[in-house]
*Asks:* 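Here you go, one structure.
Residues take their numbers from the sequence shown, with the count starting at 1.
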Amino acid sequence: MSRSETNKLKYIIALVAEFAAKFSIGEKQAYNYLKRFKGMDYLSEFYDVLHTLSFEETVCSLSIVCNRNGGKLMYNV
């Protein structure tokens, strides 16, 4: 695995944990939710841009993406 792939994987793992913490759910549950409602696809596809933003901004974006794909968790500032 290349260094850039390792960095991307670590970033995604950290974001899943942050998402779980924000919504008070388990990390496995957060991963399954993000996978089901296209959040993982979003993280993978737009990693180049997302990793330049704060975790808070990215978690907010993830909740919007998931909501548009049928998810019910909404980020409240």
*Asks:* Check Ala17 against Glu27 and note the closest heavy-atom contact, atom names and distance.
*Replies:* CB-OE2, 3.6 Å
*Asks:* Give, for atom NZ of Lys28 and atom OH of Tyr31, the distance between the pair rounded to the nearest 0.5 Å.
*Replies:* 10.5 Å
*Asks:* In Å and rounded to the nearest 0.5 Å, what is the OG to CZ distance from Ser63 to Arg68?
*Replies:*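 So the OG of Ser63 and the CZ of Arg68 are separated by 10.0 Å.
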*Asks:* Is the shortest heavy-atom distance from the side chain of Tyr42 to the side chain of Ser61 under 4.5 Å?
*Replies:*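 Tyr42 vs Ser61: side chains touch.
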*Asks:* How far does NZ of Lys22 sit from SG of Cys60, to the nearest 0.5 angstrom?
*Replies:*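 The SG atom of Cys60 is 9.0 Å from NZ of Lys22, to the nearest 0.5 Å.
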*Asks:* Between the main-chain N or O of Val65 and the side-chain N or O of Lys38, is there a donor-acceptor pair closer than 3.5 Å?
*Replies:* no
*Asks:* Describe, in one word, how the ring planes of Tyr47 and His51 are oriented to each other, choosing from parallel (under 30°), tilted (30 to 60°) and perpendicular (over 60°).
*Replies:*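 Ring orientation, 0 to 90° scale: parallel.
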*Asks:* Considering all heavy atoms of both residues, which atom of Thr58 and which atom of Leu50 are nearest to each other, and what is their separation?
*Replies:* OG1-O, 3.6 Å
*Asks:* Could you pull out the closest heavy-atom pair between Glu56 and Tyr75, with the gap in Å?
*Replies:* CG-OH, 2.6 Å
*Asks:* From Asn69 CG over to Arg36 CZ, what is the distance, rounded to the nearest 0.5 angstrom?
*Replies:* 11.0 Å
*Asks:* State, to 0.1 Å, how close Lys35 and Met40 come at their nearest heavy-atom pair, and which atoms those are.
*Replies:*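 Smallest interatomic distance, heavy atoms only, reads N-CG, 3.6 Å.
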*Asks:* Between Gly39 and Leu62, which heavy-atom pair has the shortest distance, and what is it?
*Replies:* O-CD2, 3.5 Å
*Asks:* Can you sort out the partners of Tyr33 under ring-ring contact (aromatic ring centres under 6.0 Å, His included), two or more places apart, ordered by chain and number?
*Replies:* Phe19, Phe37
*Asks:* Which atom names give the shortest non-hydrogen contact between Cys66 and Leu34, and what distance separates them?
*Replies:* SG-CD2, 3.7 Å
*Asks:* Does any N or O in the side chain of Thr52 come within less than 3.5 Å of the main-chain N or O of Val49, such that one atom is a donor and the other an acceptor?
*Replies:*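 Checking the backbone N and O of Val49 against the side chain of Thr52, a donor-acceptor pair under 3.5 Å is found.
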*Asks:* If hydrophobic residues (ILVMFWY) are linked whenever their side-chain heavy atoms come closer than 4.5 Å, directly or via other members, who joins Leu9 in its cluster?
*Replies:* Met1, Ile13
*Asks:* Check for me, please, whether Ile64 and Leu53 land in the same ILVMFWY cluster - side-chain distances under 4.5 Å, paths through other members count.
*Replies:* no
